[in-house]
Amino acid sequence: MPNQFGPEYVRAIAPYQAGKPIAEVAREFGLDEANIVKLASNENPFGVPESSRHAMAMAVSELGRYPDANGFELKAALAERYEVPAEWITLGNGSNDILEIAAHAFVQAGQSVVYSQYSFAVYALATQGVGARAIVVPAREYGHDLEAMAKAITTDTRLVFIANPNNPTGTFIAPAEIEAFLDLVPSSVVVVLDEAYNEFLSPELQFESAQWVRKYPNLLVSRTFSKAYGLAGLRVGFAIAQPALTDLMNRIRQPFNVNSMAQAAAIAALNDKAFLDKGAANNAAGYCQFVEAFEEMGLEYVPSFGNFVLVRVGDDDGAGARVNLALLKQGVIVRPVGNYDLPRWLRISIGLARENAVCIGALKKALS
Ligand SMILES: *Cc1c(COP(=O)(O)O)cnc(C)c1O
């Protein structure tokens, strides 16, 4: 009997598929956890920064109390770092939470949300979760076609999601193009600029998108501590937007959506420049390692600006799943992207040099 509970738009949601946990792969394939390499969720290969460990140890004794619902200290640190008033910041339980809150705060059932083909899976989930209609704009060379996205906006559009760099394709949109897009978008439409991978951009490509927020009252910039800062398990993200947007976000969010440990760890990581620099250098070297291997193997890949690469592993629609299974059997976890309508491709996160080498070796074996 079909499920009679809940609205039709909730029943239509395809649940998010996360990267396989190491313990699960060890169980399923009879492998030793210590020998498994996980390059599936764009996590930081260096793990938790030492500075955050220390801050969390200090925060333990306060866990009997509720967290600061307003995240005063973390917001103050972010406000200083991004040169915006603390009142412009919304904290999230990961930036996924920010994306969800935005959908709930700005869109009602029946209205529409615009995002790109091959963009982050959570945009579809957040849209469907409020019963809104998705307008999915065909990608251009695996990235956002901002001109087409501007044209796709209709009278009932309330929200646009843009990922820069994009996940799972790794494509990057130049600042001038984003600014041109923001100039075209009606001021009644909220633009969420999701910059989960911003910290991996080389310095000449880094731009202070937080400063655009001053110019565009309908812009919300979203960032996370899950990737470059190595705190994915703690769940901390944040948004920067003018008070009109921030005020509505604040009404929708759960009062204690970011826990005390996460707040303490994020403050420490934010100022840990050495950790960020180490991660960026490792990522740049690891990217070259993968790209050289792909070129040697004759594999097509999408040039990436994030901490992962999308690579085509075959010419038939079974290729991604087949090669993924062959990698799992060798203890290498990557991300199949059939759910993104990319069944011939795999997304591989960039790890430590040793992990990358194991993955490349396993890929060669899987394809031979
Ligand atoms: C990983 C990712 C996020 C962030 O996830 P959280 O862990 O919830 O902060 C947001 N957007 C994109 C495009 C991502 O790839």
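For ligands, and for the atoms within them, numbers begin at 1 and follow the listed sequence. Each residue takes its place number in the sequence, starting with 1. Remember, it's a predicted structure, so these values are computed and weren't measured experimentally.
- Of all heavy-atom pairs spanning Leu125 and Ala14, the tightest one is CD2-O, 3.4 Å.
- Taking every heavy atom of Ala196 and a limit of under 4.0 angstrom, the matching atoms of ligand 1 come to 2 (C), 3 (C), 10 (C), 11 (N), 12 (C), 14 (C).
- Near Asn167, the atoms of ligand 1 lying under 4.0 angstrom from a non-hydrogen atom of the residue are 13 (C), 14 (C), 15 (O).
- Atom CD of Glu24 sits in a crowded spot, with more than 12 heavy atoms from other residues, nucleotides or ligands closer than 6.0 Å.
- In terms of protein heavy-atom proximity, atom 2 (C) of ligand 1 is nearest to Lys227 NZ, 2.4 Å.
- Protein heavy atom closest to atom 7 (O) of ligand 1, with residue, atom name and distance, is Ser226 OG, 2.5 Å.
- Contact annotation: Phe225 has no heavy atom less than 4.0 Å from any atom of ligand 1.
- The six-membered or imidazole ring of Phe308 lies near that of Tyr197, with a centre-to-centre distance under 6.0 Å.
- Judged by the 6.0 Å distance and 45° axis criteria, Lys227 is not positioned over the aromatic ring of Phe200.
- Nearest protein heavy-atom neighbour of atom 13 (C) of ligand 1: Asp194 OD2, 3.3 Å.
- Counting only non-hydrogen atoms, the option in Val192, Leu234, Leu231, Asn96 that gets closest to atom 6 (P) of ligand 1 is Asn96.
- Within ligand 1, the atoms closer than 4.0 Å to a non-hydrogen atom of Arg235 are 6 (P), 7 (O), 8 (O), numbered from 1 in the order shown.
- Two rings, from Tyr118 and Trp345, have their centers 6.0 Å or more apart.
- Ring planes of Phe120 and Tyr16: perpendicular class, angle over 60° (limits at 30 and 60°).
- Contacts with ligand 1 closer than 4.0 Å are made by heavy atoms of both the backbone and the side chain of Ser95.
- Of the polar atoms of Thr224, at least one N or O is found under 3.5 Å from an N or O of ligand 1, judged by distance alone.
- Ligand 1 does not have Asn42 within reach: every non-hydrogen atom of the residue lies 4.0 Å or more from it.
- Classified by interplanar angle (parallel below 30°, tilted 30° to 60°, perpendicular above 60°), the ring pair Tyr301/Tyr287 is perpendicular.
- Partner Asp156 forms a side-chain hydrogen bond (donor to acceptor under 3.5 Å, both in side chains) with one of Arg133, Gln111, Gln108 and no other, that one being Arg133.
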